[in-house]
Amino acid sequence: MAGRPTLAAVAAAAGVSPSTASLAFSGSSRVAPHTRDRVLAAAQRLGYPGPDPVAASLRRGRTGVIGAFIGERLLYAFRDPHAITLLDGISEVLGAHGAGLLLLAGDAGRPSAEQIARLPLDAAVFATCGLEDDPAIPLLRRRGVPLVGVEGPVGTDVLIDIDDFGGSRELARHVHDLGHRRVEVVAMPLRLDGTTGPVSGARRARTHYRDVRRRLAGVEDVFGSVPIHETASNSVADGLAAGRAVLGVPAERRPTAVIAQSDVLAAGVLQAAAELGLRVPEDVSITGFDGADLHWLGDTRLTTVEQPTAEKGRAAARAAMALVAGDRPQDVLLPISLRIGTTTGPAPRGANGHR
């Protein structure tokens, strides 16, 4: 035969109709096993690789691809154990369903509005970007793409959530009960615009991210208004820079406890404390949030809020596949718990006044 063999040629060689041959390749139970074997054997003889997957997806009205929106550049996501674990949970479930995962970076790497409007997606998961006015949402809504949010944004078809407020409040209560009153928060980005440093009231009011806002509210429910130092990205390097700024001040103005909004940021603050010769937790207590596997900390066990990150990813993927199938799954609220480690202890004697 000249050129690429066709399904019609395979059907003729197997002595069946083209529609039967097509059903045989799809694994349909309407085709007898011996007939399917005859079709596959004919395809092998003729060198026919199978139906064009693009054409098949067009016939089904599906692409077999689920998009996962990442809040920041992929560079940061792949350095964050929490993000990696979440994406692994998503891919685990999608793989079992034969679906592919398309990562869509945030910040400058995010696809343009024109690209988002034509991306071949069966569903979209907002994996690490709870941006409540995310511009991708109306673009995907107009196309009828099912949407799943992980801790946001609101307005998706299904929300996979944890109690950020309650977990942060419990963590803050632990720090308060240890006698700490001079407390500062090292926050994840309030908006993804590269801003770093102390947060003003006006800046706070413009917080884009749902998890950031709720974790701040949990701390303030215990301590009232506290100083906030914003980072440009959720990374160890930015946590280190924030730690240097927050802890590198005279002792009488230095916080006795730093509440970081992620374990990755907390790891940077721990590094800054070591650089400055501060003992943890004797001189300063440091906490995180996520329960990530920070193996590089060695014997140091971070006090943090543990969340079921992998299960959060799996739940998001299950919801996406259910939406694709036409079901209407319910929102999911996953449990979290306080893990007390070696990085928190009583406030230093004589240093429990308000800042």
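Position 1 is the first residue of the sequence; numbering continues from there. None of these values were measured; they are calculated from a predicted model.
L40 CG to T35 OG1: the interatomic distance, rounded to the nearest 0.5 Å, is 11.0 Å. A distance of 11.5 Å separates CD1 in I84 from OG1 in T309, rounded to the nearest 0.5 Å. Here the straight-line distance linking atom CG of L171 with atom OG1 of T344 works out to 8.0 Å at 0.5 Å rounding. From T207, atom OG1 reaches atom CZ of R213 across 7.0 Å, with rounding to the nearest 0.5 Å. In this structure, the separation between OG1 on T287 and CG on L270 is 10.0 Å, given to the nearest 0.5 Å. N234 contributes atom CG, which lies 6.0 Å from atom CE of M188 (distance to the nearest 0.5 angstrom).
The only option from V284, V280, L247 that meets the side chain to side chain contact (heavy atoms under 4.5 Å, CB included) definition with V269 turns out to be L247. The side chain to side chain contact (heavy atoms under 4.5 Å, CB included) with I66 is formed by just one residue from the set V148, L94, V93, V145; it is L94. When each of L147, I90, V158 is tested with V125 by the rule side chain to side chain contact (heavy atoms under 4.5 Å, CB included), just one qualifies, namely I90.
Side-chain contact between H180 and P348 is present, with heavy atoms from C-beta onward closer than 4.5 Å. A heavy-atom distance below 4.5 Å is not found between the side chains of V65 and P120. Within the 4.5 Å cutoff, no side-chain heavy atoms of V222 are placed close to those of H174. Proximity of P189 to V212: side-chain heavy atoms (C-beta onward) are nowhere separated by under 4.5 Å. Between L7 and S22, the closest side-chain pair of non-hydrogen atoms falls below 4.5 Å. Counting heavy atoms from C-beta on, the side chains of L216 and Q261 come closer than 4.5 Å. Side-chain contact check for L323 versus R328: some heavy-atom pair is nearer than 4.5 Å. Counting only heavy atoms from C-beta outward, the side chains of R173 and D221 never approach each other to under 4.5 Å.
Remark: side-chain polar atoms of R182 are not paired, donor with acceptor, to backbone N or O of A347 under 3.5 angstrom. A distance-only check finds no donor-acceptor pair linking the side chain of R215 to the backbone of S168 [under 3.5 Å]. The backbone N or O of A14 lies less than 3.5 Å from a partner atom in the side chain of R38, making a donor-acceptor pair. Listed for the T342 side chain is a donor-acceptor partner under 3.5 Å among the backbone atoms of R301. Put simply, the side chain of T303 gets close to the backbone of G341: a donor and an acceptor are under 3.5 Å apart.
Nearest approach of P281 to G345, heavy atoms of both residues: CB-N, 3.4 Å. Contact between A68 and A127 at its shortest, heavy atoms only, is CB-CB, 4.5 Å. The two residues V226 and V183 make their nearest non-hydrogen contact at CB-O, 3.9 Å. The two residues I137 and P153 make their nearest non-hydrogen contact at CD1-CG, 3.4 Å. The two atoms that bring G167 and F289 nearest to each other are C-CE1, 4.1 Å, heavy atoms only. The shortest heavy-atom contact between A42 and A13 is CB-CB, 4.0 Å.
Criterion: ILVMFWY side-chain heavy atoms under 4.5 Å apart, direct or through other members. Under it, V332 and V305 are part of a common hydrophobic cluster. Note on L103 and M321: same hydrophobic cluster, where clusters join Ile, Leu, Val, Met, Phe, Trp and Tyr whose side-chain heavy atoms are under 4.5 Å apart, directly or indirectly.
Checked against side chain to side chain contact (heavy atoms under 4.5 Å, CB included), D161 has the following partners two or more places apart in sequence or in another chain: E151, L159, D164, R210, R214, L333. Partners of E275 by side chain to side chain contact (heavy atoms under 4.5 Å, CB included), not counting sequence neighbours, listed by chain and number: L240, R244, Q271. For the side chain to side chain contact (heavy atoms under 4.5 Å, CB included) test, residues two or more places apart in sequence or in another chain that qualify with R203 are L190, R191, D193, T195, V199, S200, R206, E230.
The existence of a salt bridge linking E311 and R314 is confirmed by a sub-4.0 Å separation between a basic side-chain nitrogen and an acidic carboxylate oxygen.
Using cut-offs of 30° and 60° on the angle between ring planes, the pair F69 and F126 is parallel.
With a 6.0 Å radius and a threshold of 12 heavy atoms from other residues, nucleotides or ligands, Q330 has its CD atom at or below the threshold.
Side-chain N/O atoms of S262 and H82 include no donor and acceptor closer than 3.5 Å.
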